[in-house]
Amino acid sequence: MSQNNDIDTSDLYAVRLNKLETMRSAGFDPFRANCEQAHTSEQAKALFPEGAEEGPVVKVAGRLKFIRLMGKASFVKILDRDGIIQLYFKRDEIGEEAYDFFKKLDLGDIIGVEGPMFKTKTGEITVRVKAFTLVSKALRPLPEKFHGLTDSEQVYRQRYLDLISNDDSRRVFKTRSRIISCIRRYLDAHEFMEVETPILQAEAGGAAARPFETYFNALDCPFVLRIALELYLKRMLVGGFDRVYEIGRNFRNEGLSRRHNPEFTMLEVYQAYSDFRGMMKLIRGMVQAICDDVLGTDKITRYDGEIIDLGGEWREAAYKDLIIEYTKDPDWFFRSKAEKLAFCEKDGIEVDPEREDFEVTNNVFEKRIEPTLIQPTFVTHIPRELCPLAKINQEDDSVLDVFELCINGQEIAPAYSEQNDPIVQRKMFEQQAGEEVQKIDDDFLTAMEHGMPPAGGMGVGIDRLVILLTGVPSIRDVILFPAMRPDKDA
RNA sequence: GGGCGGAUAGCUCAAUGGUAGAGCAGUGGCCUUUUAAGCCAUUGGUUCUGGGUUCGAGUCCCAGUCCGCCUACCA
């Protein structure tokens, strides 16, 4: 085994490529087709007998994250899907040739090892390596071992590097996955059925948002990516699948922000013979199940240190009461638009004066009230203009039988007693259509004319729920590959 | 779309308008229980791109690219 001495030792890639060629020319394959991982780092540690000095033989595998080479013996740490485990390589255990090979390994290389476990003098469970193999050579260096990767652009574009080097990022995405499986378990246990509806649609319905446009070649017509799940799931109610849900991606061709990614994951749930009150129980039960099964606590610490208490009953507050409380004006809803605009101006809330009266009020809600709703709050009795798909309240026809669940200063889940009167539904759509909000979906109305059972329905923004439950500040922290401009250098 | 901020070694970061540095990583050596291991030596730069001001620009000015934050759009 002779190394090429002409290589530039400052070129990290060239140095590693040279090592790789040296191995290959010595007949060693640095990229194995397989490697037995009999135990993960956590499984191995769990096998260690309480109070003992020595443990059983384990086979673990993972990526080299730390190397502490001390002459004729070394400690290293490898990372696998469960975390980190320390390995001890000793020349007298594995022989001089193997030890020399070990010393050539680089941070980032993936190895498999076998050996009995022991405890170091500081009590750390460690594998005493008897045999090992390099199973995949890393040709590029890892990010800085202490600070990890912080350059946000690289974190998003090369998320794998973020996951390798930042523990908290690993925690967040594992938690996200567990939250979603917990939601499925919860809904399945409540006899809901998971369905899949079209993402490619001729018309974007169920919400008012600008869709992404595409073209369906075989049908020779323009198509869009869905902006909501709602209208197809309600067709399921008509079809007799009276408890359905879908967890899927929605696409909205709009701006990006700390709370918005153009593709985002929605859960929508529909339960026939229920209503928005039933949805309250469902969402609270679901979130508290996640607290129990995934988080092990119902107190969430936000990135700014504030505690959110998800336990017990949740506050209920009527939209109008919140507005009156904030504006300190009991007659707010009898004021003219001009008076409301004057209030906004005085309060520093930017509003387009062309907006409808109810939109001016809703601006006050979104800008001034919603951000203050940190503790879970069901906002009820929302003005009818704000949603064309919900039932109108029987006592007060200016409001809807709906709630918007706000936690962490964000809207987490809106829920309705779903509109099932096709005549009223058409009228509501037509009123909206005047404001060029959404096109009337005649197929949907036809379905409803066949009779849709009374039902409660709810949409849960999964990304925002994960933001809340993991305590991170931005939606980009909970989406593996957030939307970004293509990298020209790539 | 608008405002503000950022971009320097593979990574994390320094550098009054005056010779571009440190730590980690790398390379060579020492070290048989380390914990961001330690010690000695050492390689590594189109300072995002393009213009301009200046005797002299990483630093000042203009334009652009990308990223972040705020804002706007967003039921």
Side-chain angles (χ1 to χ4, degrees), chain A residues 3 5 7-16 18-19 65-77 84 86-94 99 104 106-108 118-124 126 128 138-158 161-162 164-165 206-211 227-228 230 250 252-262 264 350-352 356 358-359 362-363 365-367 382-390 400 402 404 411 414 416 432 435 437-438 459 473-474 476 482 484-490:
Chain A
Q3 292 208 358
N5 295 320
I7 60 156
D8 176 1
T9 58
S10 69
D11 184 343
L12 276 54
Y13 188 86
V15 167
R16 288 173 178 226
N18 183 47
K19 287 184 183 181
K65 269 205 77 177
F66 297 95
I67 297 178
R68 289 190 268 277
L69 211 142
M70 307 167 300
K72 298 174 187 64
S74 303
F75 285 95
V76 307
K77 291 191 176 183
I84 279 187
Q86 181 164 264
L87 315 175
Y88 182 58
F89 288 79
K90 193 172 165 186
R91 193 193 62 181
D92 297 348
E93 298 268 6
I94 58 176
Y99 195 76
K104 293 266 190 279
D106 289 303
L107 288 176
F118 73 105
K119 273 193 178 172
T120 65
K121 64 182 182 188
T122 55
E124 180 161 357
T126 301
R128 187 187 306 278
L139 292 174
R140 294 181 188 274
L142 246 34
E144 211 262 359
K145 68 179 174 186
F146 185 60
H147 298 92
L149 190 65
T150 62
D151 175 46
S152 56
E153 183 170 357
Q154 224 179 333
V155 164
Y156 303 141
R157 289 196 198 278
Q158 296 181 273
L161 291 180
D162 173 49
I164 290 167
S165 50
R210 203 181 333 160
I227 57 173
E230 180 147 2
N250 282 345
R252 298 187 181 178
N253 208 342
E254 288 157 3
L256 296 85
S257 83
R258 213 155 56 91
R259 291 170 289 282
H260 301 262
N261 194 64
F264 61 100
E350 277 180 50
V351 198
D352 180 353
E356 300 285 328
F358 72 90
E359 288 179 306
N362 202 42
N363 243 281
F365 179 78
E366 287 181 356
K367 298 278 171 56
I382 287 167
R384 60 182 287 172
E385 295 86 352
L386 287 174
C387 175
L389 291 154
L400 300 165
V402 305
E404 258 178 34
E411 180 190 335
Y416 318 145
Q432 287 266 316
E435 302 152 23
V437 177
Q438 57 186 320
S474 165
R476 295 196 183 91
M484 289 184 91
R485 193 176 299 278
D487 187 1
K488 280 178 194 155
D489 299 333

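Just so it is clear: chains get the letters A, B, ... in the order the sequence lines come, proteins before strands, and each one is counted from 1. Heavy-atom basis, side chains included; hydrogens, waters and symmetry copies ignored.
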Each nucleotide N or O in nucleotides 41-44 of chain B that has a protein N or O under 3.5 Å away: list the pair and distance.
none

Name the pairs: protein N/O against N/O of nucleotides 1-7 of chain B, kept only if under 3.5 Å.
none

Heteroatom pairs (N/O) under 3.5 angstrom, protein to nucleotides 31-36 of chain B:
unit_1	atom_1	unit_2	atom_2	d
B/rC31	N3	A/Leu69	O	3.4
B/rC31	N3	A/Gly71	N	2.9
B/rC31	N4	A/Gly71	N	3.3
B/rU32	OP2	A/Lys72	N	3.4
B/rU32	N3	A/Asp92	OD2	2.9
B/rU32	O4	A/Arg91	NH2	3.4
B/rU32	O4	A/Asp92	OD1	2.8
B/rU32	O4	A/Asp92	OD2	2.3
B/rU33	O2'	A/Lys121	NZ	3.2
B/rU33	O2	A/Lys121	N	3.2
B/rU34	OP1	A/Lys121	NZ	3.0
B/rU34	OP2	A/Lys121	NZ	2.5
B/rU34	O2'	A/Arg68	NE	3.2
B/rU34	O2	A/Arg68	NE	2.9
B/rU34	O2	A/Gln86	OE1	3.3
B/rU34	N3	A/Gln86	OE1	3.0
B/rU34	N3	A/Gln86	NE2	3.0
B/rU34	O4	A/Gln86	NE2	2.7
B/rU34	O4	A/Thr120	OG1	3.0
B/rU35	O2	A/Lys77	NZ	2.8
B/rU35	O2	A/Glu124	OE1	3.1
B/rU35	N3	A/Glu124	OE1	2.9
B/rU35	O4	A/Thr120	OG1	3.2
B/rU35	O4	A/Thr122	OG1	2.2

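In this structure, A/Ile67 reaches neither bases nor backbone, as no heavy-atom distance under 4.0 Å exists between it and the strands shown. Using a 4.0 Å heavy-atom distance criterion, A/Arg157 is classed as a sugar-phosphate-only contact. Within 4.0 Å (heavy atoms only), A/Arg16 reaches no atom of the nucleic acid at all.
Every residue meeting the side-chain contact (heavy atoms from CB on, under 4.5 Å) condition with A/Glu366, not counting sequence neighbours, appears here in chain and number order: A/Asn362, A/Glu370. With sequence neighbours left out, the side-chain hydrogen bond (donor to acceptor under 3.5 Å, both in side chains) criterion links A/Arg140 to no other residue. Legend: residues meeting side-chain hydrogen bond (donor to acceptor under 3.5 Å, both in side chains) with A/Lys72, ordered by chain and number and at least two apart, are absent. With sequence neighbours excluded, the residues that form a ring-ring contact (aromatic ring centres under 6.0 Å, His included) with A/Phe365 are A/Tyr319. The side-chain hydrogen bond (donor to acceptor under 3.5 Å, both in side chains) search around A/Gln86 returns A/Thr126, not counting sequence neighbours. Scored by the side-chain contact (heavy atoms from CB on, under 4.5 Å) test, A/Ser257 finds A/Arg259, A/His260 as partners (sequence neighbours excluded). Evaluation of the side-chain hydrogen bond (donor to acceptor under 3.5 Å, both in side chains) rule for A/Glu404 yields no partner, not counting sequence neighbours. With sequence neighbours left out, A/Tyr88 forms a ring-ring contact (aromatic ring centres under 6.0 Å, His included) with A/Phe75, A/Phe118. Not counting sequence neighbours, the partners of A/Tyr99 by the ring-ring contact (aromatic ring centres under 6.0 Å, His included) test are A/Phe102.
Between A/Phe89 and A/Ile94, some side-chain heavy-atom pair lies under the 4.5 Å cut-off.
The partner of B/rU27, taking Watson-Crick or G-U wobble pairs whose two distances both stay under 3.5 Å, is B/rA41.
Here, B/rG6 and B/rG64 have their C1' atoms 16 Å apart, quoted to the whole Å.
Comparing B/rU27, B/rA75, B/rG68 against the side chain of A/Lys19 picks out B/rU27 as the nearest.
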